[in-house]
Participant: 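One structure coming up, written as structure tokens, with questions to follow.
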Protein chains: 2
Amino acid sequence: MRYSKALIPTVKEVPADAEIPSHQLMLRAGVMRKIASGTYAYLPLGWRVLKKVMNIVRDEMDKAGAQEILMPAVQPMELWQQTGRNVDYGLTMAHFTDRHGRENVLAPTAEEVVTFIAANEINSYKQMPVNLYQISFKFRDEFRPRFGVLRSREFIMKDAYSFHTDNDSLHETYMVMYNTYCKIFKRCGVKYVIVEAETGEMGGSGSHQFTVPCDNGEDVIVHTEDGSYAANIEKASVDALPAIARTQNHPAVEEIHTPNKKTIAEVCDFLKTQPKDMIKTLIYINHPLVDDVKEISSYQATHKDGVGKHPPMTHWGKRFAVLVRGDFEINPEKLKCAAGESIELADEAAIKALTEAEVGFAGPVELLERNQVHKIIIDHSILTIESAITGANKTDYHIKNVVPGRDFPIAGDNVIIADVRNAVEGDTYKGQKLLFKRGIEVGQVFKLGTKYSAKLNAKFLDKDSVEKPCVMGCYGIGINRIVASAIETLYDKDGIIWPINIAPFEVIIVPAGPGEEIARASEKIYDDLTAAGVEVLLDDRDARGGVKFKDADLIGIPLRITIGAKSLAENCAEVKLRRESEVNKIPMADVKEKVLRIIAKLKGECA
Amino acid sequence: MRYSKALIPTVKEVPADAEIPSHQLMLRAGVMRKIASGTYAYLPLGWRVLKKVMNIVRDEMDKAGAQEILMPAVQPMELWQQTGRNVDYGLTMAHFTDRHGRENVLAPTAEEVVTFIAANEINSYKQMPVNLYQISFKFRDEFRPRFGVLRSREFIMKDAYSFHTDNDSLHETYMVMYNTYCKIFKRCGVKYVIVEAETGEMGGSGSHQFTVPCDNGEDVIVHTEDGSYAANIEKASVDALPAIARTQNHPAVEEIHTPNKKTIAEVCDFLKTQPKDMIKTLIYINHPLVDDVKEISSYQATHKDGVGKHPPMTHWGKRFAVLVRGDFEINPEKLKCAAGESIELADEAAIKALTEAEVGFAGPVELLERNQVHKIIIDHSILTIESAITGANKTDYHIKNVVPGRDFPIAGDNVIIADVRNAVEGDTYKGQKLLFKRGIEVGQVFKLGTKYSAKLNAKFLDKDSVEKPCVMGCYGIGINRIVASAIETLYDKDGIIWPINIAPFEVIIVPAGPGEEIARASEKIYDDLTAAGVEVLLDDRDARGGVKFKDADLIGIPLRITIGAKSLAENCAEVKLRRESEVNKIPMADVKEKVLRIIAKLKGECA
């Protein structure tokens, strides 16, 4: 391809709203452009990269015996109501009423539809195992889209779904997919780790996550020093801290005036105390009821001021107070497990209504007794506290000398004691110290079991003539995230450094300088390499060499061939790897062979 | 691929709700499955066909110098408001409010987004011409999805958009695309015709439509006997019928009781008259106002009884009565041109409110005078009528002796006389008789001009340093429709007959009978052909030969190789083309060569 004909709008300046290198570089290199919040268009370079990733994924999935299909992106709400996942996804799931009054979902994933297909088409054990996949458009109405394509609203996902007669067969395919994923990420040139993962909205009995470690990843992975245990932060178990033996001789609860001190840090600073001596109280509510989707939409439409993101109180369902020691953070996945249902942090209006105070002054005392919440969920860490400071449920006031078990219940029907906090530095698991790393989740595999097949009636007649629900697995890869994680893994101050197999072009030829001779020599190499099957970008623009070099570095083509007056006088070209600084002068006659050898070597590293 | 591992759920029975052969066969052959109204999942066979079509399209687009990109499917409503096309598309455009209160559109097409990109990235004449395309998910909330993928809600479209400095450059690319389309359809194996087309919602100055003639197509194309003129029915011009000279001596208008006679046919039958002596009166309203999208959504959500599809009367905007002679049909595209704005047939509630009568009794008399409509649009055919029967605007009544010009105006500020009817048999154009054919529209090319660039501010600095709006073209192909039209063009009572280049497999091997020897011989041919790059489906199922033959015919693989005991005894295989009845006995040693030769010949026919 000729650069002069291509739409590669590179930009010098770092875009203001791009926080991390992959996001910045994808914009600067003309890989993509923002169309709206969390919404991007892929320009020619970006789409070439995405296509290469998709082709690798497709090739390996086909080799693994999976069959490609295409399911609709706009799906009937009814199917989602049958599994209840419209509730689990909550506001993240975009939906609309069509002209015939039917409710449609923009698919965030496709378990429901694929199980619906299986329910109709798979009737006998003879038809299994079968593994169906698609590479397609998905949509999630993220609360806060950010980091470019790492958390965008629209994205391309490879999602595969396997159907089995039993768990053994599931495990077999699960391991085939596990190994296929290793091959895929290797070929894409990203370095990954595999950790145990929480199943989240997916449900099921087991899961592994493929994560590319990098400083700017949104995910945190946790592992023991010896590597015998590795999990993502959502999943990572911790040993419970030792609970204290309680004594009864604490002074009574006392109110303290803490004007406008809302956060743990502000209160600690004001009262000269430490986070570990405080109880953090958070209010959660469960999701709107299934049948109220319409009412909620109309409510949301009329409350766009940012206050009322939740439906009116009559729709709240159950309310929870969640307690954790001031120096820890709630883990939403663990919390969901503990609550036994999908719950969401309450918004400002709801917190005010329940605590009768501004946000920042919630506390556990009397919340349950006054029926403001249905349940209290208490993290193990609370049991390490003798006496603590917490919110007074009164604006600008906290209370001290709050003793767990004396001033609020730590046992009873409406109290749940559980591990609901994130692991932190210093935690152990099975006695071993836990270490932490940030990373980007690029893939996840799940053993789903019969969660979907049971609800959507995907049954088959087994060998023994008994009707059973299909056992399912599912396997996802974020196509766009592979692209971003490749950049986050390897870039420098000058730009992207693409892995060879997903680079938009393998080689860029830079005619550095004017004149017929340089142009002719460049064209010759371009023709030779193109004929040999190499993907070449010829920078035939009427621009200075410096501009061309800068762009070549920015767009990150693995191999650069420079044709300049000086080296051409010696009948040579200059060959340089993007990732190395060394420049090699190669006789023109040898350029093709040399380049093919380098490409083969680079590809060999990813095989 | 092995049939025993593949999900190819063939069905004997013709599905009840599938009206036309392509729809029936795509379901019966396990090519796709219905998920909801107008919504299909493509199973492995179907997706293989779609991928092949997409690859042909991609290959030819790339050869034509177009650059592939990917634009978002969920687009900001604001962009559509800037061009006003949210109004043009009306209820066909699905949209939803996201969690942050922003309005999003499910893209039916992408002129707005691509022009937004061009506005930001194309600044100079040096960057043009440029032709950007994508092959992607589109959605249209069709009023009546039908005929399988011919009118589905979700579909895959190849849409290309070119940007130019002037009309000459546009014309050049337009012709490149025109010729590229010819190559694409030829390679896909569909026989097409090219006709002049109406630009519809697209706007612009010129358009050609690529149509595959077949009995079940939704489109009608019209041409003169000598072929000098060909257009689709939306576009086809007709010579105006001779208007009569009016005399004044007609009897006065008289009411007739026509209980429950609503249609032209019913009234004619009841009153023993002819359609050509009647005036058909239709009520149209223009689309809801742009800013009221939210209110309309909420109105629609609360009026799901099917009565109130339109927003409340206060939102209707302008109302039109449209008159055409009883033996003609309104042409919506011509009507839109005549009205000068986008208008839609009113629904039952609106008609009742305006005519004060049940549907079926509307008439032109006094409608304008009583301010029930803002304008009357009169087709030329009305001017051929001396005196006619028409609705009385009173339930169960018509009126006779209605004289155009005496009983309702045929001139004046609020009267538009125009050609707003479809061409019919017997019509002429420039004196030549018009002939009719049905067909499926598979592609269309448009000269858009500056409609979008002007509204979305896509300007460039020309050679003369003057800022000008880019001149645009756009070029669409319905990927799914190519598949359906290939079937409609060629099938028989036994099933599909795929053209070689888009067939899911080129060859099917049928081991007909039990035994090691047949299996071994089949596997050998399977391996040989696969190694030679042929796409082979091996029917290794434990089933009778008859079942396998039936499925092979149904799924339409172009070439069948049968290995049976009898021919194997002679060391032969039987080779048969799906489209021919002849069976050729070929010595085993020659099978590979023979098959490769046949495939090359079949491909040659589509090159």
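Owing to the predicted nature of the structure, the values given are computational and were not obtained by experimental measurement. Naming: A, B, ... by sequence-line order, numbering from 1 per chain.
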Participant: Examine whether an atom of A/I117 lies under 4.5 Å from a heavy atom of chain B, and if so say whether it belongs to the side chain, the backbone or both; otherwise answer neither.
Facilitator: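 Answer is side chain: those atoms of A/I117 sit under 4.5 Å from chain B.
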
Participant: Minimum heavy-atom separation for A/E121 and B/P9, please, with both atom names.
Facilitator: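 Looking at all heavy atoms of both residues, the closest pair is OE1-CB, 3.3 Å.
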
Participant: Taking all non-hydrogen atoms of both residues, which atom of A/S37 and which atom of B/R102 are closest, and how far apart?
Facilitator: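 What the structure gives for the nearest pair is CB-NH1, 4.1 Å.
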
Participant: Quick one: does B/N104's side chain get under 4.5 Å of A/R153's, heavy atoms only?
Facilitator: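 A side-chain contact under 4.5 Å exists here.
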
Participant: If you count heavy-atom pairs within less than 4.5 Å of chain B, which of A/I69, A/V114, A/T92 leads?
Facilitator: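 Of the options given, most contacts go to A/I69.
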
Participant: Quick one: do B/M71 and A/Y42 satisfy side chain to side chain contact (heavy atoms under 4.5 Å, CB included)? Show the steps, please.
Facilitator: CA-CA 6 Å; B/M71 289 179 273; A/Y42 290 87; over 6 Å; no

Participant: Please identify, among A/V11, A/L45, A/L106, the residue contributing the most non-hydrogen atom pairs under 4.5 Å to chain B.
Facilitator: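 So the answer, after comparing A/V11, A/L45, A/L106, is A/L106.
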
Participant: Would you mind telling me which of A/G46, A/A36, A/P44 has the largest number of heavy-atom pairs within less than 4.5 Å of chain B?
Facilitator: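 Counting heavy-atom pairs under 4.5 Å, the top option is A/P44.
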
Participant: Please determine whether side chain to side chain contact (heavy atoms under 4.5 Å, CB included) holds for the pair A/L7 and B/L132, giving the CA-CA distance in whole Å, both sets of side-chain angles, and the decisive distance to 0.1 Å.
Facilitator: CA-CA 9 Å; A/L7 184 68; B/L132 303 170; 3.9 Å; yes

Participant: Please state whether the side chain, the backbone, both or neither of A/M32 comes within less than 4.5 Å of a heavy atom of chain B.
Facilitator: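 Contact with chain B is absent: no heavy atom of A/M32 under 4.5 Å.
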
Participant: Over 60° means perpendicular and under 30° means parallel, so tell me whether A/F137 and B/F137 are parallel, tilted or perpendicular.
Facilitator: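 The arrangement is parallel - the two ring planes meet at less than 30°.
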
Participant: In terms of heavy-atom proximity below 4.5 Å to chain B, should A/R58 be classed as side chain, backbone, both, or neither?
Facilitator: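 It is the side chain, since no backbone atom gets that close.
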
Participant: Sort A/P72 into side chain, backbone, both or neither according to what part of it lies under 4.5 angstrom from a heavy atom of chain B.
Facilitator: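 The answer is both parts of A/P72.
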
Participant: Indicate the atoms forming the closest heavy-atom contact of A/K34 with B/F116, along with that distance.
Facilitator: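 Minimum heavy-atom separation between A/K34 and B/F116: O-CE2, 3.9 Å.
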
Participant: Could you tell me whether A/K51 and B/E68 have a side-chain N and a carboxylate O separated by less than 4.0 Å?
Facilitator: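 A salt bridge is present here (some side-chain N lies under 4.0 Å from a carboxylate O).
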
Participant: Between A/E142 and chain B, which part of the residue has a heavy atom less than 4.5 Å away: side chain, backbone, both or neither?
Facilitator: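 Backbone only.
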
Participant: Does any non-hydrogen side-chain atom of A/Q134 lie less than 4.5 Å from one of B/W47?
Facilitator: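 Of all side-chain heavy-atom pairs linking A/Q134 with B/W47, none is under 4.5 Å.
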
Participant: NE2 of A/H100 to CG of B/L91: how many Å apart, nearest 0.5 Å?
Facilitator: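 That separation rounds to 9.5 Å.
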
Participant: Which residue out of A/T39, A/V130, A/V74 racks up the most heavy-atom pairs below 4.5 Å with chain B?
Facilitator: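 Going by pairs under 4.5 Å, I would pick A/V74.
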
Participant: Do you know which two heavy atoms are closest between A/A6 and B/Q67, and how far apart they sit?
Facilitator: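 The pair with the smallest heavy-atom distance is CA-OE1, 3.3 Å.
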
Participant: Contact part of A/R48 toward chain B, heavy-atom cut-off under 4.5 Å: side chain, backbone, both or neither?
Facilitator: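 No part of A/R48 comes within 4.5 Å of chain B.
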
Participant: Mind telling me whether B/F139 and A/F96 have parallel, tilted or perpendicular rings, with 30° and 60° as the class edges?
Facilitator: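 Aromatic pair A/F96/B/F139 classed perpendicular.
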
Participant: Give, for atom CD of B/E154 and atom CD of A/Q75, the distance between the pair rounded to the nearest 0.5 Å.
Facilitator: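 Spacing of CD (B/E154) from CD (A/Q75) equals 8.5 Å.
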
Participant: So which of A/I122, A/I156, A/D141 has the largest heavy-atom pair count under 4.5 angstrom toward chain B?
Facilitator: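 Going by pairs under 4.5 Å, I would pick A/D141.
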
Participant: A/K126 and B/D542: side chain to side chain contact (heavy atoms under 4.5 Å, CB included), yes or no, with the steps?
Facilitator: CA-CA 11 Å; A/K126 290 182 194 163; B/D542 179 19; over 6 Å; no

